[in-house]
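Okay, structure first, notes after.
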There are 4 protein chains.
Amino acid sequence: MRFKIGCRLAYQTESPVPFVFNIEAQRFEGQRIEREDLVLSPDVPIDRWTSEDAGNRYFRITPPAGPFTLDYSAIVEVTPSLGDAGAVKEIPIGRLPLPALRHLFPSRYCQSDRLERFALSTFGAIEPGYARVNAICNWIYEYVTYEGGVSDAMTSAFDIVTLRAGVCRDFAHLGISLCRALGIPARYVSAYAFRLQPPDFHAVFEAFLEGPAGPDWYIFDPTRMADPAGLVRIGIGHDAAEVAFCTAFGPMVSEKPEVWIEALEPAADPTVHAVRPEAGG
Amino acid sequence: MRFKIGCRLAYQTESPVPFVFNIEAQRFEGQRIEREDLVLSPDVPIDRWTSEDAGNRYFRITPPAGPFTLDYSAIVEVTPSLGDAGAVKEIPIGRLPLPALRHLFPSRYCQSDRLERFALSTFGAIEPGYARVNAICNWIYEYVTYEGGVSDAMTSAFDIVTLRAGVCRDFAHLGISLCRALGIPARYVSAYAFRLQPPDFHAVFEAFLEGPAGPDWYIFDPTRMADPAGLVRIGIGHDAAEVAFCTAFGPMVSEKPEVWIEALEPAADPTVHAVRPEAGG
Amino acid sequence: MRFKIGCRLAYQTESPVPFVFNIEAQRFEGQRIEREDLVLSPDVPIDRWTSEDAGNRYFRITPPAGPFTLDYSAIVEVTPSLGDAGAVKEIPIGRLPLPALRHLFPSRYCQSDRLERFALSTFGAIEPGYARVNAICNWIYEYVTYEGGVSDAMTSAFDIVTLRAGVCRDFAHLGISLCRALGIPARYVSAYAFRLQPPDFHAVFEAFLEGPAGPDWYIFDPTRMADPAGLVRIGIGHDAAEVAFCTAFGPMVSEKPEVWIEALEPAADPTVHAVRPEAGG
Amino acid sequence: MRFKIGCRLAYQTESPVPFVFNIEAQRFEGQRIEREDLVLSPDVPIDRWTSEDAGNRYFRITPPAGPFTLDYSAIVEVTPSLGDAGAVKEIPIGRLPLPALRHLFPSRYCQSDRLERFALSTFGAIEPGYARVNAICNWIYEYVTYEGGVSDAMTSAFDIVTLRAGVCRDFAHLGISLCRALGIPARYVSAYAFRLQPPDFHAVFEAFLEGPAGPDWYIFDPTRMADPAGLVRIGIGHDAAEVAFCTAFGPMVSEKPEVWIEALEPAADPTVHAVRPEAGG
């Protein structure tokens, strides 16, 4: 399925401030970029780096003081690998590919070590596999209210269990934490999200499970606000700390980002699917 | 300088439990392993993985129920690259090698985002460079008491600022957090530590700075309990979550680990030095 | 119903340390003390104070260095005022007796302000009244495991929501917090508890509700471990911080307390009841 | 010294919402109210309650839906009892009046139990007495920045140690916590504050110390923003949770409060003083 995606970001600085962005679509087997444009105004030199493990495309610029805008657009073909959820199992720790182990560790916003009892008492009795991760998403969807202005940049999964409200980032953090607490590797994914209303950068998560074709990262959206078949992946990380779309290392004023995604062909119905990254782990 | 290092770990389980260990010395330019022995009793198959980015040598075993011991010993030559601390500078974010950026992000135990004001008000006025990181270590050494039993596996750098007591792991977490909050990439290092009393696995941290020979990771030990020239590196991570010497995925009983390190030649005096990892970032 | 209650506490100090105790049964309309003995060994002078608002009987002693024991015993008649739970309502804030307002404020271990959304989303739709507080107790009983060694003296209600395990003190703190978050005044009660196994000081809570005979404090035990008709009240406070059975202001070693309570007449079955304090508020 | 004080508060509701206010000056030996006016618009019935222990004057109203304003003004004579700070001592726990003990307990925003090590390591070596509490205030003044918008209604003393910024309420919470951690009873005081710029409700704290004339509550303002001789006391509590100037039990919109205080005679210079409450404890 092909999508036209993009964003327009605008900032104002009073001195040259370094910015690091992670807004470009990833390149991997299940996600092909047909064309892509990045326009900076004023035009400034770009330092680029694509992380080896995750494939995140970071770039850094240091615009001069004053107004600064960034326009990104791309045409991307996404091939979600649809699977039979019932056949998707958890992988026992004893035979988990070792590079996936790091996705069991707690991180800044996903303190899985502090959520172990909650995870076990709430989801411990559920049949391991895709259905259990789905049960986690159902719990989050049922008990956590999607609402802006309640959580903030300091809010972690531990807080969300009691706060019971947050945005996509918080939903993903809680899902990740509960998976890790149950021994399921999980990671954070930022994405352009088809059908998300209002359009914005979205956050979902992936769990490392095993389907008939082998181990794979399966994507989950506990907000249920986006079409799972319409997620164009930007960044992968332990949690939001690693894949902010913009990090400014100095004072600046930003405008509200404009983000868009539209289907270039008739869209199918949402369905369960696995996204295959280039490299495991 | 050559060291003989080793450890003996003993566990008891009532069913087969997967264990992941990270106890073997890293291999990199500044650290050469002359010989090495790993004896498991009972002998069981080993899965190995060396992380590409950090060079951590993980291995996994699943011993049968019952008692289990692990004996590791090695002879390692360490070549700390001594430098002139006064010439070692911080690297402005605008020209920091991009792979190092990830070491600015907050992590489970190093919530640098919550320590920014504390870092700036306490260390903001100090001349950037090696001396500033050293001032951070001095502060920790002066204001945090080295004492077991006060902190635990949940304790983070944020807690330590007020708790004012902890062990090497807590000292390292606080040092890392304060560096990151000031824009200095920093990471956690586990090590065999010469002259550490009583002998144990040690934790220190590295800051990414720039000496006359270019950017490098410089090692710091805010506990001041080990000889900086006698650190045999085991693991590198965002924080302790990534480099536990042992992670057991099930119930077990452990004995107190025995850890040792001895110099195979007369030891020089402790001094400022940088350890060069194989791969940057 | 008449009970024989008592405790034996033993301590060892290396210098004179002030101790404050709150172990004696309260005196109020529904609780009459027939006889009472307090034996200190060695015998030392006692400073006494009974708090005006709560009726807590505190006493302070400063035994000389060395071993020290305290034996308390009493015969107490308790008259729980049994009521028809269905007729017991919540009192709207607009006509709550003003002295009860302070029992809506958050306290050290009962951060009701941080539990508001959780309380509203979980219990907001339940019919206000005795049944709603009972639903809170049911939730705690169902989702929190009674288990020692998981929580500690720092653990608060906010932690318990996610920790999902604790002891009577934690159960009471969570019950109190949820009530306050819903606008129901609630307070902490320490007690000798009939049928509690193993015997120990117990913690329950009271909610301020309105029965056919007017506003009153109704007692709740979310652990369901004691007989509600067999609670001999010791202290009342915002939370455990105010009614520790022993507070030592210096280093000491304590033995495990012995606590006992036995019925002096055949005991009836547990049932819903309200305990009337001397003074409201 | 005589002051004219007052405030104007304005709210808007969409349904009848109960409000509880604590804005009126206390009455006690050192603070005499010459005249006082309270005008509600629209005029609605008032429920009043003055707390026995603290002397706080609470009142409750439930205005009809729509706009609502409250105008309070008073002329108050304040007689701070000036003392010789050098002669003011701490009171050993062993002979502290027992009612004062409750001011040693941790509370919602003053978790003195979590600050013990910090308090002891930072202030443990200072000579006990007025000077030590003053040293606490000096530390707060030096290391915590007075700045709005950093802390919020959830921020506690524990957070402030690391956050290093806050408003008067946070300064008071930290001062109280450090005193309690050192065994000095301390409590929160809300006040009209002469010379505070910009004018607002102010928060300071009191420590229970012993001067030549006996035990007394001594007032401290770690913000150093008000004239200690110009504090007109409104409320006393364990912390801010108990003496909010306004608590609304339902949705409402408020305007920024107008608060004023002016001296009705030439003002003397700020100096050390003790304010005597009617009732101790």
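So you know, we letter chains A, B, ... as the sequences are listed, proteins then strands, and number each from 1.
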* Drop me the distance from Arg48(B)'s CZ to Leu98(A)'s CG, to the nearest 0.5 angstrom. => 10.5 Å
* Report yes if some heavy atom in the side chain of His238(A) is under 4.5 Å from a heavy atom in the side chain of Arg102(B); otherwise report no. => no
* Structure fact -> Taken to the nearest 0.5 Å, the spacing of Leu101(B) CG from Phe249(A) CZ works out to 5.5 Å
* Asked: Which bit of Val20(B) is near chain A, if near means a heavy-atom gap under 4.5 Å: side chain, backbone, both or neither?
  -> side chain
* Which one of Asp47(B), Ile93(B), Val17(B) has the most heavy-atom pairs closer than 4.5 Å to chain A? -> Ile93(B)
* For the side chain of Arg60(A) and the backbone of Gly94(B), is there at least one donor-acceptor N/O pair under 3.5 Å apart? -> yes
* Among the options Pro18(A), Ala244(A), Ala241(A), pick out the one with the most heavy-atom pairs lying under 4.5 Å from chain B. => Ala241(A)
* Asked: Does any heavy atom of chain A fall under 4.5 Å from the side chain of Phe19(B), the backbone, both, or neither of them?
  -> neither
* Counterpart residues, side chain to side chain contact (heavy atoms under 4.5 Å, CB included), relative to Pro42(B) (two or more places apart) -> Pro64(B), Phe68(B)
* Structure fact -> Answer key: most heavy-atom pairs under 4.5 Å with chain A among Thr247(B), Leu96(B), Ile61(B) is Leu96(B)
* What are the two closest non-hydrogen atoms of Ala153(A) and Asp113(B), and how far apart are they? -> O-OD2, 4.3 Å
* Find the distance between CD (Gln111(A)) and CD (Gln111(B)) and round it off to the nearest 0.5 Å. => 8.0 Å
